[in-house]
Amino acid sequence: MGTWIAEHITQRLIASSVIEEGDRELYSYGFFLLLSSVLYLVVATIFGSAFGILWQSIVFYFLFSILREYAGGIHAKTEHGCMLSTILALLLSIMGIRKMMQAELSTAAMVFLIVGCVAVFLFSPMDVPEKPLSAEDWRHYRRVSRWLAAAYVLLGIWATSAGWPILYPIAASATLEGILLLAGTINLKNAHSENTA
């Protein structure tokens, strides 16, 4: 559905001579990314409101989105699969934030944060067929994702010492990204094993 809306917007802009036909693919992809980001922000906001942790959910979504942009991870095979799995991941992450906050599990949150960031250090960026990277892009994305992981750990340590509950959304964002990277790595190894067998 997101692809259809993005293509429809692009077609209207082409028909209005706002953009050129040669730029169709670029604009369609850009609108798709924008619409997806807005949709998932709305979903995170709804889940956050429902669980009584609105600002933590928004912080989680932005931290996760930034890290995901550079570190990558597994991708669903279809747009519907992507949408459903992303909504489920957001729901489970926001539920996890709420549970950790209620139980005041700052030590567990710190462990999740560190484990997620170690996965980012080891496996990012995930170069998958859906998002191929040149050698130069790969080095750039690896450097940025590692800096982000280090910044998240430092922010988590600061939040813990200050007693500020931002630790929980930071931990959830790093944990989810770590899971996606690990799943992507396993998926790529399985695909490689099948191709070489």
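Here, residue 1 is the first one in the sequence, and each next residue gets the next number.
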If Ile, Leu, Val, Met, Phe, Trp and Tyr residues are connected whenever their side-chain heavy atoms lie under 4.5 Å apart, and connections chain through other members, are [X] and [Y] in the same group?
X    : Y    : value
L84  : L35  : no
V38  : F60  : no
I53  : I87  : yes
I179 : Y152 : no
Y40  : L180 : yes

Locate the shortest heavy-atom distance separating [X] from [Y]; write the atom from each residue and the value.
X    : Y    : answer
E69  : Y141 : O-CE2, 3.4 Å
F121 : A150 : CE1-N, 4.2 Å
S85  : C82  : OG-O, 3.1 Å

Are more than 12 heavy atoms, taken from residues, nucleotides or ligands other than Q102, located less than 6.0 Å from that residue's CD atom? yes

Within 6.0 Å of CZ in F62, more than 12 heavy atoms from elsewhere: no

According to side-chain contact (heavy atoms from CB on, under 4.5 Å), who are the partners of [X], at least two apart in sequence or on a separate chain?
X    : value
T45  : L41, S49, L54, I58
I186 : L182, N190
L122 : V118
A71  : V120, S124, S145, E177, L181

Other cluster members, W147 - Ile/Leu/Val/Met/Phe/Trp/Tyr, side-chain contacts below 4.5 Å: none

Using a 4.5 Å side-chain heavy-atom cut-off and chaining through intermediate ILVMFWY residues, the residues clustered with V115 come out as V111

Looking at side-chain heavy atoms only, is the closest gap between M83 and L39 below 4.5 Å? yes

Rounded to the nearest 0.5 angstrom, the CH2-OG1 distance for W158 and T160 is 10.5 Å

Return the CD to CD distance between E7 and E25, rounded to the nearest 0.5 Å. 9.5 Å

Distance-only donor-acceptor hits, side chain of residues 132-139, under 3.5 Å, sequence neighbours excluded:
residue : atom : partner : partner atom : Å
S134    : OG   : D137    : N            : 3.1
S134    : OG   : D137    : OD2          : 3.3
W138    : NE1  : P125    : O            : 3.4

Pair up each side-chain donor or acceptor in residues 91-99 with any protein partner under 3.5 Å, not counting sequence neighbours, and list the distances.
residue : atom : partner : partner atom : Å
S93     : OG   : A89     : O            : 2.8
R98     : NE   : F51     : O            : 3.0

Could you walk me through whether Y70 and R142 pass the side chain to side chain contact (heavy atoms under 4.5 Å, CB included) test, one step at a time? CA-CA 7 Å; Y70 289 98; R142 185 172 187 87; over 6 Å; no

Return a table of donor-acceptor pairs under 3.5 angstrom between the side chains of residues 165-175 and protein atoms on other chains or two or more places apart.
residue : atom : partner : partner atom : Å
Y168    : OH   : S106    : N            : 3.4
S173    : OG   : P169    : O            : 3.4
S173    : OG   : I170    : O            : 2.7
T175    : OG1  : F112    : O            : 3.3
T175    : OG1  : A171    : O            : 2.7

Partners of E21 by salt bridge (Lys or Arg N to Asp or Glu O under 4.0 Å), sequence neighbours excluded? R24

